Amino acid sequence: MRSAAYPDSEVRDWIALLKPRVMSLVVFSGMIGLLVAPGHLHPVLAFTAVLCIAIAAGACGAINMWYDRDIDAVMRRTRERPIPAGRIEPGAALGYGITLAVGSVIVMGLAVNHTAAGVLALSIGFYVFVYTMWLKRRTPQNIVIGGAAGAFPPVIGWAAVTGSVDLIPVILFAIIFIWTPPHFWSLALFANEDYRRAGVPMLPVVAGGKETRRQIVIYTLLLVPLTLVPWFLGFSGTVYAVAAAVLGVGFLVSVWRVAHDRQDETGVSLTNDAPARAAFKYSIAYLFILFAALAIDRSIG
Amino acid sequence: MANPPSMSDEEAAAFRRRQKGRNIAMFAVLAGLAALFFAITIVKMTHH
């Protein structure tokens with residue numbers, strides 16, 4: 001039992017504020033940026049760069065949970081988070097987030113380089129101000145914008161090694177950017193009821209299931225050729241090209257099933273959104289394996 | 001130590017347990033940061 005007068009937290013509540021599951025994809029894509037960039041970075045500094053990316057992403061998660069505490073409280077998926085559950089005070093979470101955000105940028109700037117620190121600061125500002133505060137609750141294209149925030153890590157990793165931003169990290173940015181809508185809208189399809197209740201204008205809420213499924217297919221059709229660009233440019237070899245092509249066909253099949261899910265005339269799934277659940281899972285594995293293939297290709301090529 | 005006001009003995013014990021956990025985590029984070037900054041300093045001094 002907790003006394004209501006004392007908001008009291010466990011260590012795991014402070015870890016939960018950092019959204020560790022989101023962080024894992026961010027850390028991974030940041031490491032890929034570091035690995036595929038030409039040049040060398042001392043392992044201690046490379047570790048520091050990845051740590052700063054991870055902490056900054058966690059800080060964004062904490063600030064996001066502070067800002068979204070009202071909608072988190074009404075969504076089944078999020079109402080047990082530390083702030084809506086009353087274990088951490090909102091102001092404490094905000095202070096925690098700001099401290100980690102500022103700290104990660106300063107350490108990146110002092111230990112690694114100013115370009116990486118600058119892009120890191122830009123990505124935090126974009127996520128917090130443009131996505132969370134401005135667009136998330138205003139437009140059904142919110143996820144497209146949020147995808148831009150999540151697409152920064154490979155650029156930051158690349159900048160940590162080279163001190164600059166080139167065409168290749170921008171392409172990796174674009175891949176994550178285009179990947180995010182089909183990934184997240186698959187989730188939004190089966191979490192539709194939650195978002196509707198919270199009043200978040202997710203695409204299935206405002207445009208319906210049919211339109212969402214159509215958009216998922218369009219973005220995936222754009223994504224697959226885009227993933228082959230590093231090969232066209234001669235940045236990677238056939239290992240990556242084959243992996244990208246095979247994974248891409250798999251993703252297309254997966255979203256094709258989403259589009260042809262049995263549904264009623266309003267676009268609500270009659271299969272409990274089984275294809276959308278499968279596509280969501282596939283999309284995560286897709287990005288992990290695609291980027292791992294790029295790193296492996298670069299290391300053997 | 002006296003219990004904080006409006007807490008029973010069990011509540012106070014649970015409170016102290018969580019507080020101890022947070023203290024240990026804080027120590028680990030600070031010790032880790034000190035080690036990291038030391039390592040960064042050494043690398044920067046020897047490679048530049």
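In this text, all values refer to a predicted model and were calculated from it rather than measured experimentally.
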Show me the donor-acceptor pairs within less than 3.5 Å that the side chains of residues 33-62 of chain A make with the rest of the protein, sequence neighbours left out.
residue: A:His42; atom: ND1; partner: A:Val44; partner atom: N; Å: 3.0
residue: A:Thr48; atom: OG1; partner: A:Val44; partner atom: O; Å: 2.7

Closest approach of A:Val11 and B:Gly21, non-hydrogen atoms and distance?
CG2-O, 3.2 Å
Do any of residues 17-30 of chain A have a heavy atom less than 4.5 Å from a heavy atom of chain B, and if so, which, in residue order?
none
For residues A:Asp8 and B:Arg18, report the shortest heavy-atom separation together with the two atoms involved.
OD2-NE, 2.5 Å
With a sphere of 6.0 Å drawn around CZ of A:Arg197, does it hold more than 12 non-hydrogen atoms of other residues, nucleotides or ligands?
yes
Would you call A:Glu10 and B:Arg17 a side-chain contact if the rule is heavy atoms closer than 4.5 Å?
yes
Can you check whether B:Arg22 reaches A:Asp13 side chain to side chain, under 4.5 Å on heavy atoms?
no
